[in-house]
Amino acid sequence: MAVECLVVVLSVLVVCVVCNPSPLEDVVIDRYYIPKVCPREVQTGDHVRYHYNGTLTDGKRFDSSHERGTPFSGLVGVGRLITGMDRGIQGMCVNERRNITVPPHLAYGSLGAGSVIPPDAVLVFDVVLLDIWNKDDQVQIRTVFKPEDCKRTIQNSDFIRYHYNGTLLDGTPFESSHSKQHTYDTYVGDGWLIKGMEEGLMGMCVGERRNVIIPPFLGYGEKGHGAEIPPQASLMFDVLLVDLHNPKDDVTIENQVIPDLCKRKSMTGDYIRYHYNGTLLDGTFFDSSYSRNSTYNTYIGMGYVIPGMDKALQGVCIGEKRRITIPPHMAYGESGAGESIPGSAVLVFDIHVIDFHNPSDPVEIVSSFKPEVCNKTTHANDLIKYHYNCSLLDGTQLFSSNDNENPQVVFLGANKVIDGLDEGLQGMCVGERRVVIVPPHLGHGETGANGVPGSAVLLFEVELVDFEEGVPDGYLFVWLSDLGENLFEEMDLNKDGDVPLEEFTTFIKGLVAEGKGRLKPGQDADQIIADMFSNQDRNKDGHIVAEELKLKVDEDAERARHEEL
């Protein structure tokens with residue numbers, strides 16, 4: 001045979017029939033397409049699926065799996081195929097294409113086959129290999145990506161949610177959860193999945209990606225599945241684990257940051273304000289209080305929030321941070337919530353507790369400094385001057401009297417400040433400093449105020465600068481000494497039998513100067529005295545006579561001597 005009559009195609013020796021008209025002695029193979037990646041080649045004992053077109057040497061077609069729409073499936077090297085095909089597909093890779101020429105003695109010989117293959121016919125098969133597997137095969141698992149932080153892996157009886165792309169071994173797609181925009185959700189280890197998939201998923205972490213190849217006997221076997229998965233098909237899945245939990249799971253708490261000072265921990269019935277970031281277990285964001293610039297406010301232990309959060313918020317400190325993982329049966333269950341939280345989703349909350357209180361909480365008062373000498377303390381109706389800083393319990397500054405450089409001036413007990421602060425300012429000495437913690441029901445309540453969030457606990461740092469003692473509510477003046485037997489005669493300075501405004505003013509101011517009486521502080525003294533005079537001048541003639549003068553007596557026994565004209 002001349003050298004020039006030899007043709008080498010892809011390292012396989014092909015006999016050039018044109019140059020040598022003698023009968024073929026063996027199969028002639030033309031590997032006209034070989035995939036770049038070939039992890040496995042056909043060997044004796046393998047089960048294969050392939051498509052083919054069969055023709056005679058003159059090009060006449062005698063058979064085609066393509067026309068039937070069903071690939072051929074069979075064993076290699078055990079007499080199930082004509083000898084020539086048994087030899088011709090040895091060493092093939094999935095997706096490889098071959099042109100296999102089979103001589104008669106390795107095909108149907110001198111008898112031929114029916115009316116389509118004549119005696120002594122050379123047969124030409126154009127073959128593409130679709131699948132290859134062996135009865136000894138196992139599930140093949142290749143990890144594409146695995147998170148560094150993997151605290152838990154899939155085990156029997158877990159419920160999982162995962163995305164997948166499913167293809168046949170030749171790359172033909174048959175199904176994808178991504179195209180449905182919904183994870184595949186199922187239990188593991190209870191027969192809900194084909195055996196190969198259950199094996200391929202075991203030990204996965206949330207966020208892990210795997211390539212799983214499943215032989216047919218661990219997949220859908222001889223029957224296949226629907227129109228997309230043919231009989232005896234190997235299956236290949238690209239899997240991403242999205243979520244994982246067990247029906248027996250409880251709430252888990254981690255990454256706690258607890259303040260050094262924790263006077264009280266939350267309990268059932270408390271009202272709590274907290275910030276949070278909410279994600280699914282794979283890190284997908286679904287909600288955040290920070291994005292709304294508003295805390296989430298609720299009662300705890302009373303069913304106002306999902307059970308897992310209700311439980312996880314018990315026993316927290318103000319200022320505490322913690323990560324809370326909530327299984328779906330303690331969250332939104334199989335139905336999920338809206339478009340952001342899918343059914344059967346595990347939820348992860350990173351929370352920061354801003355404050356909490358109980359509707360029965362009183363004002364909390366702590367004196368940080370008190371002068372050694374303290375003869376007088378503040379009471380209701382006193383006019384006080386004080387400096388203050390107001391903040392939330394997380395340290396957020398709200399207001400300060402220092403911003404105005406002047407102390408705040410206010411009457412106590414006159415509804416001029418919130419009830420809790422009014423209470424916290426009573427009983428103070430000049431120079432005393434206090435920390436006053438005011439629960440919202442004694443502060444600005446559920447609605448809050450300008451610059452104050454709703455249901456916020458407020459912390460005031462106060463210092464009393466000065467105060468003037470007041471008079472009882474409804475009074476303009478009180479006596480600080482015993483009254484004379486004849487008040488009108490004392491008031492009638494010129495002893496002419498009547499008292500005009502000028503004489504009345506001189507008398508009252510004299511009492512104040514001698515410490516025998518006190519005018520209501522914070523107002524113009526002349527105006528107060530004029531109002532007192534008007535009250536006594538009953539006929540409005542500009543003079544008070546003895547018959548007009550009457551005393552107003554406080555019914556409180558402790559203030560019996562505090563009498564106003």
Show your working on salt bridge (Lys or Arg N to Asp or Glu O under 4.0 Å) between Lys385 and Asp466 and close with a plain yes or no. CA-CA 5 Å; Lys385 296 181 180 180; Asp466 197 2; 5.4 Å; no
Answer yes or no: are there more than 12 heavy-atom neighbours, outside Arg209 itself, under 6.0 Å from its atom CZ? no
Begin with the C-alpha distance, continue with both residues' side-chain angles, and end with the deciding distance and a verdict on salt bridge (Lys or Arg N to Asp or Glu O under 4.0 Å) for Arg40 and Asp137. CA-CA 12 Å; Arg40 178 174 182 174; Asp137 283 350; 2.8 Å; yes
Quick one: ring-ring contact (aromatic ring centres under 6.0 Å, His included) partners of Phe286, sequence neighbours excluded? Phe349
For Tyr332, the side chain to side chain donor-acceptor pair (under 3.5 Å) test, sequence neighbours excluded, returns none
Find out whether Leu281 and Val242 are in side-chain contact, i.e. whether some heavy atom of one side chain is under 4.5 Å from a heavy atom of the other. no
Restricting to side chain to side chain donor-acceptor pair (under 3.5 Å), what partner residues turn up for Lys263, sequence neighbours left out? Glu364
Which word best sums up how the rings of Phe159 and Tyr187 line up, parallel for under 30°, tilted for 30 to 60°, or perpendicular for over 60°? perpendicular
Answer with yes or no whether the side chains of Asn165 and Ser176 bring together a donor and an acceptor at under 3.5 Å. yes
Within a strict 4.5 Å, meaning less than it, do heavy atoms of the Met204 and Thr153 side chains meet? no
Is the shortest heavy-atom distance from the side chain of Asp355 to the side chain of Ile272 under 4.5 Å? no
Do NZ/NE/NH1/NH2 and the carboxylate oxygens of Asp238 and Arg210 come within less than 4.0 Å? no
How far does NZ of Lys223 sit from CD of Gln232, to the nearest 0.5 angstrom? 12.5 Å
Tell me if the CD atom of Glu254 is crowded by more than 12 foreign heavy atoms within 6.0 Å. yes
Got a sec, which pairs hit side-chain hydrogen bond (donor to acceptor under 3.5 Å, both in side chains) with one end in residues 408-431, sequence neighbours left out? Asp422-Gln426
Can you spot which of Asp170, Thr167, Asp131 makes a side chain to side chain donor-acceptor pair (under 3.5 Å) with Ser234? Asp131
Answer whether the closest heavy-atom distance between the side chains of Asp250 and His329 falls below 4.5 Å. no
We want to know whether Asp243 and Ser344 form a side-chain donor-acceptor pair, criterion being a heavy-atom distance below 3.5 angstrom. no
Measure the shortest side-chain to side-chain distance between Ile384 and Val465 over non-hydrogen atoms and say whether it is less than 4.5 angstrom. no
Side chains of Ser266 and Gln314, donor plus acceptor under 3.5 Å: no
Nearest-0.5 Å distance that lies between atom OH in Tyr290 and atom OG1 in Thr295: 10.0 Å
Modelled atom types, side-chain donor and acceptor of Ser177 and His182, under 3.5 Å: no
Counting heavy atoms not belonging to Glu469, are there more than 12 under 6.0 Å from its CD? yes
In chain order, what residues pass the side chain to side chain contact (heavy atoms under 4.5 Å, CB included) check against Glu463, with sequence neighbours excluded? Arg433
Hey, are Asp270 and Lys265 close enough for a salt bridge, meaning a charged N less than 4.0 Å from a carboxylate O? no
Can you find a heavy atom in the side chain of Cys317 that is under 4.5 Å from one in the side chain of Val353? no
Quick one: does Asn381's side chain get under 4.5 Å of Leu412's, heavy atoms only? no
Taking atom OH of Tyr304 as the centre, report whether more than 12 heavy atoms of other residues, nucleotides or ligands fall under 6.0 Å from it. no
Rounded to the nearest 0.5 angstrom, the CZ-CG distance for Phe460 and Leu425 is 8.5 Å
Give the ring-plane orientation class for Tyr220 versus His225, where under 30° counts as parallel, over 60° as perpendicular and anything between as tilted. parallel
Assess the side chains of Tyr164 and Glu175: does a donor N or O sit below 3.5 Å from an acceptor N or O? yes
Drop me the distance from Leu168's CG to Leu130's CG, to the nearest 0.5 angstrom. 8.5 Å
When rounded to the nearest 0.5 angstrom, what distance separates NE2 in His352 from CG in Asp394? 6.0 Å
List for me each residue that meets side chain to side chain contact (heavy atoms under 4.5 Å, CB included) alongside Arg322, sequence neighbours excluded, and say none if there are none. Ile253, Gln256, Val316, Glu320, Ile324, Ile351
Less than 4.0 angstrom from a charged side-chain N to a carboxylate O is my criterion; do Lys248 and Asp158 meet it? no
With a 3.5 Å cut-off and no angle check, do the side chains of Thr183 and His163 form a donor-acceptor pair? no
With the side chain counted from C-beta on, respond yes when Cys38 and Glu96 share a heavy-atom pair under 4.5 Å apart, and no when they do not. no
